[in-house]
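The structure under discussion appears below in the form of structure tokens.
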Amino acid sequence: MAKARTTRPISWLKAALKDFGKFPADAQAICLTALTIAAEGGKADIAKPLQGFGSGVMEIALSFDGSAYRVVYALQIEDDVWVVHAFQKKSTQGIKTPQRELERIKERLKRLKEVLK
């Protein structure tokens, strides 16, 4: 008998969901597909570990219609896949994530862990 597939819930920080809502609809659909793959225990081709945050913090990096979009999610907090940040990258530093965005991610992860204790 085949084992039933277990899908983890996807939970959003309110601010991340609000920012994600500003993405173009097609970009949202691609990112949601990548999040669904994560919730099912896989890793989408456009997802990679976010450097400097330890294991379990991933970044979806999407180039879409001449713009760069990022969605950051955590796998190691509770049982859910937690989306902690979404933004359109406007950096002039190439592929590097801007420091202000990294600080925002760090703060949101810290607050989320405190709330869920």
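None of the values given here were measured: they were computed from a predicted structure.
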What pairs of residues pass the salt bridge (Lys or Arg N to Asp or Glu O under 4.0 Å) test when at least one of them lies in residues 8-21, not counting sequence neighbours?
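Sorted result for residues 8-21: D19-K22.
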Sort and list the pairs that fulfil salt bridge (Lys or Arg N to Asp or Glu O under 4.0 Å) and have at least one residue in residues 50-66, not counting sequence neighbours.
K48-E59, E59-R70
Once ring pair (Phe, Tyr, Trp, His ring centres under 6.0 Å) is applied, what residue pairs with a partner in residues 26-79 remain, sequence neighbours excluded?
F23-Y69
According to a 4.5 Å side-chain heavy-atom criterion applied to Ile, Leu, Val, Met, Phe, Trp and Tyr, with indirect links allowed, do V81 and V84 form part of one hydrophobic cluster?
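No, V81 does not connect to V84 through the hydrophobic network.
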If hydrophobic clusters are built by linking Ile, Leu, Val, Met, Phe, Trp and Tyr wherever their side-chain heavy atoms come under 4.5 Å apart, do F87 and L109 end up in the same one?
no
Where is the tightest heavy-atom contact between [X] and [Y], given as atom of each residue plus distance?
{"X": "Q28", "Y": "G21", "answer": "NE2-O, 3.3 Å"}
{"X": "A86", "Y": "A16", "answer": "CB-O, 3.7 Å"}
{"X": "I10", "Y": "T36", "answer": "CD1-N, 4.1 Å"}

My understanding is that only residues two or more places apart in sequence, or in another chain, count here; which of them pass side-chain hydrogen bond (donor to acceptor under 3.5 Å, both in side chains) with E114?
none
Among all residues two or more places apart in sequence or in another chain, which pass the side-chain hydrogen bond (donor to acceptor under 3.5 Å, both in side chains) test with S67?
Q88
Validation row: [X], [Y] side chains within 4.5 angstrom (heavy atoms):
{"X": "L62", "Y": "C31", "value": "yes"}
{"X": "L17", "Y": "V83", "value": "no"}
{"X": "L35", "Y": "W12", "value": "yes"}

For residues 75-86, which residue pairs pass the side chain to side chain donor-acceptor pair (under 3.5 Å) check, not counting sequence neighbours?
S11-D80, H85-E101, H85-R108
Measuring from atom [atom1] of [X] to atom [atom2] of [Y], what distance do you get when rounded to the nearest 0.5 angstrom?
{"X": "I77", "Y": "L112", "atom1": "CD1", "atom2": "CG", "value": "4.5 Å"}
{"X": "I60", "Y": "L50", "atom1": "CD1", "atom2": "CG", "value": "11.5 Å"}
{"X": "T33", "Y": "I46", "atom1": "OG1", "atom2": "CD1", "value": "8.0 Å"}
{"X": "S63", "Y": "I30", "atom1": "OG", "atom2": "CD1", "value": "10.5 Å"}
{"X": "L32", "Y": "I37", "atom1": "CG", "atom2": "CD1", "value": "11.5 Å"}

Okay, side chain of K106, backbone of K110: is any donor-acceptor separation there less than 3.5 Å?
no
Check whether more than 12 heavy atoms from other residues, nucleotides or ligands sit under 6.0 Å from atom CD of E107, and answer yes or no.
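It does: E107 CD has more than 12 such atoms within range.
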